[in-house]
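As structure tokens, the structure follows; a few thoughts come after it.
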Amino acid sequence: MFRFAIIGAGGIAHKFCDAVRLAGHEVAAVASKSAERAAEFAAKENIAYSFGDYAEMLDSVKPDAVYIATTHNFHYDNILLCVERGLPVICEKPMVCTADEARRVFDEAKRRGVFVMEAMWSRFLPHITKSREWICDGRIGKPELLDSIVAFRSEYNPDSRIYSRELAGGAAWDVGVYAYELATYLIGEHPLEMQSMRLDAPNGADRTVSVNLRFSDCLATVKASVYTPLPLGVYIGGHDGYIRMPHANTGCEGFLYDSGGSLVEHFREEYPNGFLWEVEETVRCVREGRLESPVVPWADTLNCDEFFDFVLG
């Protein structure tokens, strides 16, 4: 049985625990800056060990891999804490906040031979996999135009995780990462050119961003907001047809249309927990001795951090 440890006892870590159990593995320990919070989390999830210190947990438990679920601003330090001990890491998105941090993490992971993966769970979802298959099979022709939107409405609070600059809040880091990394995954390359616009909250955090991207033979628009709701989804079209995925980053279905707009195929596959496949990917890669996942390779995470630098710089 594969043994995970968790750094950060927030709400999203509960979903990860459930996915680990569904995959037939174990969460052996959890750590939080608050020992009391870690103990409460462990009791709720039936985890044997809890700690109020990250390093103490890593040194005591020596897990097979560590899942990092802290706020964005802590990811870089938390990852290095694990990598320096030779412990594989799966870290919540965005894995880190800048390209410089990403390069340092990957350089250290390569030097020590340690697996590291950004927890870009939406890339593993069945309807995303099917849509990429349609594209690779030429069902829509070569992708020419893509639109990717991830947006929701939240009340402005400069101290909240969503808006706090100290906690690395803002639209690009919080949800733009989904819209961008789905675009690059479906198109299969990184953009050659970007044009960006943003609207900021009163404290300077980006509340809404819109970015135009030019790939070798495809134009794309990525939109993200933590301030206004819009219908979520991805559209991607070529000369021979197009694909529509409503709620692409959290949904379960994709629609394939021909060039005349007639529905050709509808794919739908529900799932109990969207984190299941990233858990299985981590286990597989670690057991095979891989340093990175072919689904979420280091180059794609680094490229997304370069996107952040451009939009937020």
Side-chain angles (χ1 to χ4, degrees), residues 1-10 12-13 16-17 20 25-35 37-38 41-42 47-121 166-168 173 177 278-279 281-306 308-309:
M1 182 178 291
F2 198 93
R3 298 164 65 248
F4 285 92
I6 294 177
I7 290 179
I12 199 167
F16 186 82
C17 286
V20 170
H25 301 295
E26 175 190 6
V27 176
V30 61
S32 171
K33 287 185 175 180
S34 164
R37 187 176 188 188
F41 186 99
I47 297 171
Y49 302 101
S50 66
F51 298 82
D53 182 270
Y54 302 153
E56 182 184 359
M57 177 187 71
L58 300 178
D59 295 338
S60 300
V61 177
K62 294 181 172 58
D64 296 310
V66 181
Y67 171 66
I68 295 172
T70 52
T71 52
H72 310 151
N73 56 305
F74 293 120
H75 288 178
Y76 174 72
D77 290 337
N78 295 159
I79 294 169
L80 289 182
L81 193 69
C82 299
V83 171
E84 288 166 358
R85 288 165 168 77
L87 295 173
V89 172
I90 173 172
C91 181
E92 263 308 322
K93 59 78 197 167
M95 197 188 79
V96 289
C97 294
T98 69
D100 185 55
E101 288 180 341
R103 292 187 191 97
R104 281 186 251 166
V105 163
F106 296 140
D107 285 348
E108 188 67 12
K110 183 177 181 179
R111 187 174 76 84
R112 294 179 181 268
V114 179
F115 173 81
V116 174
M117 185 180 82
E118 182 177 33
M120 184 45 57
W121 64 288
E166 290 71 27
L167 298 179
W173 281 324
V177 60
E278 69 178 14
V279 169
E281 178 77 349
T282 300
V283 174
R284 181 182 70 85
C285 289
V286 171
R287 286 178 170 171
E288 292 178 358
R290 295 176 178 266
L291 300 189
E292 57 185 305
S293 162
V295 180
V296 194
W298 292 354
D300 284 9
T301 296
L302 173 59
N303 176 255
C304 187
D305 286 306
E306 292 171 339
F308 295 147
D309 287 351

- Query: Is any NZ, NE, NH1 or NH2 atom of the basic residue among Arg104 and Glu101 found under 4.0 Å from an Asp or Glu carboxylate oxygen of the other?
  - Reply: no
- Under a 4.0 Å N-O cut-off, is there an ion pair linking Arg103 with Glu306? yes
Flag the pair [X] / [Y] as yes when at least one side-chain heavy-atom distance between them is below 4.5 Å, and no otherwise.
X	Y	result
Val177	Glu118	yes
Asn73	Cys97	no
Glu278	Val296	no
Arg287	Asp64	no
Val20	Phe2	no
Thr70	Tyr54	yes
Leu167	Trp173	no
Phe41	Ser32	no

- Query: Between Phe4 and Phe16, what is the ring plane arrangement, given parallel below 30°, perpendicular above 60°, and tilted in between?
  - Reply: perpendicular
- Over 60° means perpendicular and under 30° means parallel, so classify the ring planes of Phe106 and Trp298, tilted if in between. parallel
- For side-chain contact (heavy atoms from CB on, under 4.5 Å), just list the numbers for Tyr49 and Ser60, CA-CA rounded to whole Å, side-chain angles, deciding distance to a tenth of an Å, and then say yes or no. CA-CA 10 Å; Tyr49 302 101; Ser60 300; over 6 Å; no
- State, to 0.1 Å, how close Glu92 and Ala69 come at their nearest heavy-atom pair, and which atoms those are. CG-CA, 4.3 Å
- Query: In Å and rounded to the nearest 0.5 Å, what is the CG to CG distance from Asp305 to Asp300?
  - Reply: 11.0 Å
